[in-house]
Amino acid sequence: MHEETGVGSCPECGTPGSFAGQLVCQGCFVPFALMASVHAAAEPPLSSTAATERLSRPGAPQPAVSGPDTPGAGQAHAGPGHPGAESEYTRVINVIPGSLPRPARTRRDVPVHALRLHFPGGEIVEVAPGYSIRLGRDPQLCPAVTFLADRDNLSRIHAKVGVDADGAAWITDEGSTNGTYVRGYRLAANDTAPLRPGDTFRLAADVNVSVLP
């Protein structure tokens with residue numbers, strides 16, 4: 001007698017041993033035509049790794065581009081329901097250019113520029129990041145601004161200007177007699193104020209210095 005191969009259980013009563021070609025279940029005697037397909041009921045569940053290879057497809061299936069090294073190259077494109085259709089679709093969307101997030105730009109990425117100071121006589125003095133200079137009338141103590149030697153109203157060491165390594169510029173009053181003024185306010189002795197492009201500070205009564213962009 002021809003041996004039949006079992007393909008699953010009855011979707012109605014769960015009786016095991018449903019065979020292909022049977023018209024009624026041998027347990028509940030309900031015709032299979034009135035129930036779900038035996039093959040659909042007996043379809044094995046997806047493996048635990050199926051979620052990494054199968055995705056819900058938002059639109060109609062698109063043909064995948066295959067090369068000489070692509071598995072199954074030269075075969076017809078798998079249609080809906082073919083096991084290879086979903087995995088091929090996954091491989092295509094995983095190589096979309098620009099899909100990786102770009103790191104946020106930090107202050108370290110911004111180029112640091114030197115501080116440029118414009119003095120009343122037209123002199124321009126640059127202070128590089130990580131350095132500082134002294135401002136005053138003593139040319140030996142303040143070699144960067146020897147042109148201020150004839151300014152009797154300035155202290156020998158009047159103020160100090162510097163730029164941190166990260167580009168932050170500042171000015172400090174060095175205990176001057178006639179004061180250091182930043183944006184209209186006099187700094188206390190040893191007090192520090194930030195400097196930004198476009199700012200103007202004043203040493204004593206008439207030495208106005210501009211911070212160039």
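These numbers come from a predicted model, not from an experiment.
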Chemist: Determine, for D173 against R186, whether the closest basic-nitrogen to carboxylate-oxygen distance falls under 4.0 angstrom.
Modeler: no
Chemist: Counting only N and O atoms by type, is there a donor-acceptor contact under 3.5 Å from the side chain of R156 to the main-chain atoms of D138?
Modeler: no
Chemist: Just by modelled atom types, is the A168 backbone N or O under 3.5 Å from a matching donor or acceptor in the D166 side chain?
Modeler: yes
Chemist: Could you check whether any side-chain heavy atom of V145 comes within less than 4.5 Å of a side-chain heavy atom of L117, counting everything from C-beta outward?
Modeler: no
Chemist: Do the non-hydrogen side-chain atoms of F119 and L148 ever get within less than 4.5 Å of each other?
Modeler: yes
Chemist: Decide side-chain contact (heavy atoms from CB on, under 4.5 Å) for H158 and T180; before the verdict, give the C-alpha distance in whole Å, the side-chain angles of both, and the deciding distance to 0.1 Å.
Modeler: CA-CA 8 Å; H158 196 100; T180 301; 3.3 Å; yes
Chemist: Determine whether more than 12 heavy atoms belonging to other residues, nucleotides or ligands lie under 6.0 Å from atom OH of Y185.
Modeler: no
Chemist: Can you give me the closest heavy-atom contact between W170 and S132, atom names plus distance?
Modeler: CH2-CB, 4.0 Å
Chemist: Test side-chain contact (heavy atoms from CB on, under 4.5 Å) on R151 and D206 and set out the steps.
Modeler: CA-CA 9 Å; R151 300 280 183 167; D206 56 357; 3.7 Å; yes
Chemist: Between S155 and T177 (side chain of the first, backbone of the second, donor and acceptor by atom type, cut-off under 3.5 Å), is there such a pair?
Modeler: yes
Chemist: Working note: F201 + V161, criterion side-chain contact (heavy atoms from CB on, under 4.5 Å); need CA distance, chi angles, decisive distance, verdict.
Modeler: CA-CA 11 Å; F201 64 87; V161 175; 4.3 Å; yes
Chemist: Does the distance from a Lys or Arg side-chain N to an Asp or Glu carboxylate O, for R137 and D152, drop under 4.0 Å?
Modeler: no
